[in-house]
Amino acid sequence: MREIALVTGSSRGIGAKIAEELAKMGCDIAINYNKNRDKAETLAKYIKDTYNVQCLTYKCNVSIKSEVEKMHSEIVRDIGEVTILINNAGIAQQKLFTDITEEDWDNMFDINVKSAYLCTKSVLPNMIKVHRGTIVNIASMWGEVGASCEVHYSASKAALIGFTKALAKEVGLSNIRVNCVSPGVIDTDMNQDFSEEDMQALCEDIPLNNIGSADDIAQTVAFLVSEKAKYITGQIISVNGGMII
Ligand code: NAP
């Protein structure tokens with residue numbers, strides 16, 4: 001059956017790899033970006049040329065309801081109803097808790113959590129109608145164990161974990177699976193402000209002794225949306241090289 005996947009925040013990093021991996025499985029792809037149009041379009045062209053699937057780009061700030069509604073109706077018009085949703089778009093910020101402003105807090109929750117609510121709300125009615133669909137939320141190990149100087153980030157990712165577990169219970173009867181991938185430290189732009197020494201120190205805390213790649217996350221997402229995972233829902237799959245601090 002033809003699958004149509006919306007991957008939020010797929011202009012670069014983990015989202016871009018997920019988009020490519022799902023295209024490899026034969027899915028048509030909606031690439032969502034906020035600022036990096038060029039990267040999104042280059043990726044879409046590469047995916048179309050390489051995997052012979054439909055792949056279109058959609059500019060949308062996924063924390064804004066009107067933009068999400070517009071993106072969703074354009075995807076339905078251009079490609080069809082979304083059967084796979086990957087809530088990947090996210091931001092991080094390092095700050096002492098006492099320095100986190102109300103604006104920082106709201107921005108973190110709007111982009112990391114409200115986006116998942118809005119995107120899921122847009123695709124779920126059709127999934128319920130056709131009695132199938134899969135959703136994967138990208139959380140973080142810091143949502144499981146907490147990170148110092150990232151209280152708002154950790155809290156937002158813990159919220160996504162709760163979101164996953166609760167929604168999975170609610171929509172299981174509609175044959176919709178909802179899971180979560182919880183990455184450890186992954187080599188993307190998100191960690192570009194860390195120095196070599198910081199990354200080396202992080203490595204020493206990782207039992208497998210290396211930083212993860214976007215591909216490590218994409219492979220796990222591909223498994224979770226596939227038929228191989230048809231009896232898996234409501235789960236938080238940690239992909240972190242064994243790191244538990
Ligand atoms: P990244 O390299 O910084 O990429 C972030 C992506 O999210 C970009 O495509 C960006 O789009 C998009 N984005 C940001 N704000 C958006 C918004 N308001 N609306 C739409 N798109 C938006 O980050 P990453 O490392 O790939 O992270 C992807 C996910 O994995 C995030 O949820 C992150 O929290 C999670 N994660 C990452 C790590 C890690 O170590 N890297 C660890 C744990 C969890 P534009 O480029 O167009 O702005």
Side-chain angles (χ1 to χ4, degrees), residues 6-21 29-44 57-72 75 85-94 106-119 122 136-147 150 152-161 163-164 180-194 198-199 202-203 205-206 210-218 220-221 236-241 243-245:
L6 165 59
V7 185
T8 70
S10 49
S11 49
R12 57 199 166 93
I14 292 170
K17 268 287 167 203
I18 294 171
E20 182 178 353
E21 206 51 44
I29 307 290
I31 288 181
N32 157 244
Y33 67 97
N34 188 30
K35 295 183 182 150
N36 279 295
R37 180 183 177 161
D38 287 354
K39 284 189 178 172
E41 288 188 348
T42 303
L43 177 66
T57 62
Y58 297 88
K59 172 168 170 51
C60 166
N61 180 338
V62 287
S63 66
I64 299 174
K65 186 177 176 204
S66 58
E67 292 197 22
V68 171
E69 287 174 349
K70 181 168 173 282
M71 171 173 70
H72 177 244
I75 295 170
L85 170 65
I86 314 298
N87 286 311
N88 165 78
I91 55 164
Q93 185 183 42
Q94 282 82 40
D106 287 346
N107 199 34
M108 187 64 73
F109 271 74
D110 283 353
I111 296 176
N112 288 3
V113 188
K114 189 177 174 194
S115 60
Y117 158 73
L118 292 172
C119 291
S122 72
V136 178
N137 301 313
I138 307 299
S140 162
M141 68 172 289
W142 304 127
E144 297 178 85
V145 300
E150 292 191 69
H152 53 346
Y153 180 75
S154 302
S156 73
K157 293 300 186 178
L160 267 185
I161 289 172
F163 177 102
T164 302
C180 184
V181 174
S182 178
V185 184
I186 307 299
D187 184 17
T188 68
D189 295 346
M190 191 168 268
N191 294 317
Q192 69 190 356
D193 292 340
F194 288 113
D198 290 338
M199 291 307 262
L202 277 168
C203 243
D205 285 328
I206 301 172
N210 61 77
I211 302 294
S213 68
D215 191 55
D216 291 325
I217 306 306
T220 309
V221 171
I236 314 306
I237 311 295
S238 301
V239 183
N240 58 23
M243 185 183 190
I244 302 167
I245 292 181

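If you read the sequence from its start, that first residue is 1, and numbering goes on from there. Just follow the structure's listing: the first ligand is 1, and inside any ligand the first atom is 1.
Not a single donor-acceptor pair under 3.5 Å links the side chain of Asn87 to the backbone N or O of Thr8.
The shortest heavy-atom contact between Ser63 and Ser115 is N-CB, 4.4 Å. The two residues Ser154 and Trp142 come nearest to each other via the heavy atoms CB-O, 3.4 Å.
Near ligand 1, residues Gly9, Ser10, Ser11, Arg12, Gly13, Ile14, Asn32, Tyr33, Asn34, Lys35, Asn36, Cys60, Asn61, Val62, Asn88, Ala89, Gly90, Ile111, Ile138, Ala139, Ser140, Tyr153, Lys157, Pro183, Gly184, Val185, Ile186, Thr188, Asp189, Met190, Asn191 come within 4.0 angstrom through at least one heavy atom.
For Asp189, the salt bridge (charged side-chain N to carboxylate O under 4.0 Å, His left out) partners are Arg12, not counting sequence neighbours. For Ser11, there are no side chain to side chain donor-acceptor pair (under 3.5 Å) partners, not counting sequence neighbours. Residues passing the ring pair (Phe, Tyr, Trp, His ring centres under 6.0 Å) test with Phe194: none are found, sequence neighbours excluded.
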